[in-house]
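Contents: one structure, followed by commentary.
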2 protein chains.
Amino acid sequence: MPGGRKLPDRDELSTWRDFIETTDLLRGRISARLQADSGLSPGDYAVLLALTEAPDGRLRSSDLAAHIGWERSRLSHHLGRMERRGLIRREECLTDSRGAEAVLQPAGKTAFDAATIPHLRAIRELFVDALTPEQLAAAGEIAAALGRHLKSREMP
Amino acid sequence: MPGGRKLPDRDELSTWRDFIETTDLLRGRISARLQADSGLSPGDYAVLLALTEAPDGRLRSSDLAAHIGWERSRLSHHLGRMERRGLIRREECLTDSRGAEAVLQPAGKTAFDAATIPHLRAIRELFVDALTPEQLAAAGEIAAALGRHLKSREMP
DNA sequence: AAAGTATGATGGACACGTCAACTACCGGAG
DNA sequence: CTCCGGTAGTTGACGTGTCCATCATACTTT
């Protein structure tokens, strides 16, 4: 690649900073809305969403972790906290004695149901409504391009 | 606003998820590279950058916090950790007995100098090089639009 | 079947962030 | 000068994430 500079120039760096700071801010705002509306963190919401969509509201820990893209350790810690709050329960797995299942509890279902509409509304108000349709499409393409690029460099 | 739906449709939601997950992944990758290359976290880097650019490598805590956009409490915790590692030092402020100054230490300067080129390279490789020039420009515009939108709704 | 390897889950140690309480000090109103 | 509201900074409690060690169980190989 001819002229392949190694470092970003001033404009590129400034775009990077704007981009990363603004997405951080956006994430924080959505998270704060979710917390205020339902008392759930984004992590809680992701777990409850996966359990809600699963048959019988239960999932093997590893499957749940894979589904939401978390490390098992992270999930284990989080499930511990959610169990303390009565949102989910842990059960032993019948077919694999090593395994554990996370089971949705009524309190978890209630909290999730209360959270979801306001959460979707927040996404619309803070993200979708901020952008023109063209910008929204561009955001999707940018995410896809970044994702491909990062995946291609996982273990270079 | 006529026809103002309240909730995002399927495509909008999918774009949201892609966007937020990918930017998260990107942030994590850049952070991991920084950590591997220099032993610094993004927070460390932000603090050291501000101190490096300040006269005499020293700044009032509040000024530093404002400069990098952190809450004072967050900065206080972080400075404590950085002080334990010898990256910075805290001094009393001469003109205001309530105040404290953060002072860049040689170890901090060294770590920052070692970090900055690899960090800029990582930004280029993982962010800038992932996008076409048009996409990069669009990313800047999207960040600006999101930023304006969020600012306009700080206390609605 | 015994031995070795891989997998599922957990736990501790630590870094990081937020929130609210607290201390100490400043600067102005009276 | 005294009181008092505002400001600077720290601290503790707690939720959150990562890394790494550990343990038990499952699987695979001989």
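All values below were derived from every heavy atom in this structure, side-chain atoms included, with hydrogens, water molecules and symmetry-related copies excluded. Here is how names work: the chains are called A, B, and so on, in the same order as the sequence lines, proteins then strands, and each is numbered from 1.
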Query raised in the report: Under 4.0 Å: is that the gap between some side-chain N or O of B/R81 and OP1 or OP2 of C/dC14?
Result: no

For residues 136-150 of chain B, the salt bridge (Lys or Arg N to Asp or Glu O under 4.0 Å) pairs (sequence neighbours left out) are none

Sorted by number, residues from residues 31-70 of chain B placing a heavy atom under 4.0 Å from DNA chain C are B/S41

Sorted by chain and number, sequence neighbours left out, side-chain contact (heavy atoms from CB on, under 4.5 Å) with B/D113 holds for B/K109

A/L87 atom CG is separated from D/dG15 atom P, nearest whole Å, by 12 Å

Rounded to whole Å, the NE2-P distance (A/H78 to C/dG11) equals 16 Å

Practice item. Considering just the side-chain nitrogens and oxygens of A/R90, establish if one lies under 4.0 Å of OP1 or OP2 belonging to C/dT10. Key: yes

Below 3.5 Å between N/O atoms, which protein atoms pair up with nucleotides 19-23 of chain C? Just atom names and distances, please.
residue : atom : partner : partner atom : Å
C/dC19  : N4   : B/S73   : OG           : 2.6

Exam field: side chain B/R29 to backbone B/L126, donor-acceptor pair closer than 3.5 Å | no

Picking from C/dT10, D/dT10, C/dC26, the nucleotide nearest the side-chain atoms of A/S76 would be C/dT10

Taking the side chain as every heavy atom from C-beta outward, state whether A/L87 and A/V47 have any pair of such atoms under 4.5 Å apart. no

Strictly under 3.5 Å: I want the nitrogen or oxygen pairs between protein and nucleotides 5-7 of chain C, one per line.
residue : atom : partner : partner atom : Å
C/dT7   : O2   : A/R98   : NH1          : 3.0

From the candidates D/dT10, C/dC26, C/dC16, the one with an atom nearest any side-chain atom of B/A100 is D/dT10

Taken to the nearest whole Å, CG/B/L94 to C1'/C/dC25 is 15 Å

Sorted by chain and residue number, the side chain to side chain donor-acceptor pair (under 3.5 Å) partners of B/D11 (sequence neighbours excluded) come out as none

Tracing side-chain contacts under 4.5 Å among Ile, Leu, Val, Met, Phe, Trp and Tyr outward from A/V103 reaches none

When rounded to whole Å, the CG to C1' distance for the pair A/L75 and C/dT10 reads 11 Å

In short, side-chain hydrogen bond (donor to acceptor under 3.5 Å, both in side chains) pairs touching residues 65-76 of chain A with sequence neighbours left out are none

Whole-Å distance, A/R29 CZ to C/dG17 C1', equals 17 Å

In short, ring pair (Phe, Tyr, Trp, His ring centres under 6.0 Å) pairs touching residues 79-113 of chain A with sequence neighbours left out are A/Y45-A/F112

From CD of A/E92 across to C1' of C/dA9 the rounded distance in Å is 12 Å

side-chain hydrogen bond (donor to acceptor under 3.5 Å, both in side chains) pairs touching residues 13-22 of chain B, sequence neighbours excluded, are none

Hits for side-chain contact (heavy atoms from CB on, under 4.5 Å) against A/T132, two or more places apart or cross-chain, chain-then-number order -> A/E134, A/Q135

The side-chain contact (heavy atoms from CB on, under 4.5 Å) partners of B/S31 (sequence neighbours excluded) come to B/P42

Nearest-nucleotide check on DNA chain D, A/R85 vs A/T95; residue mapping nearer the 5' end is A/R85

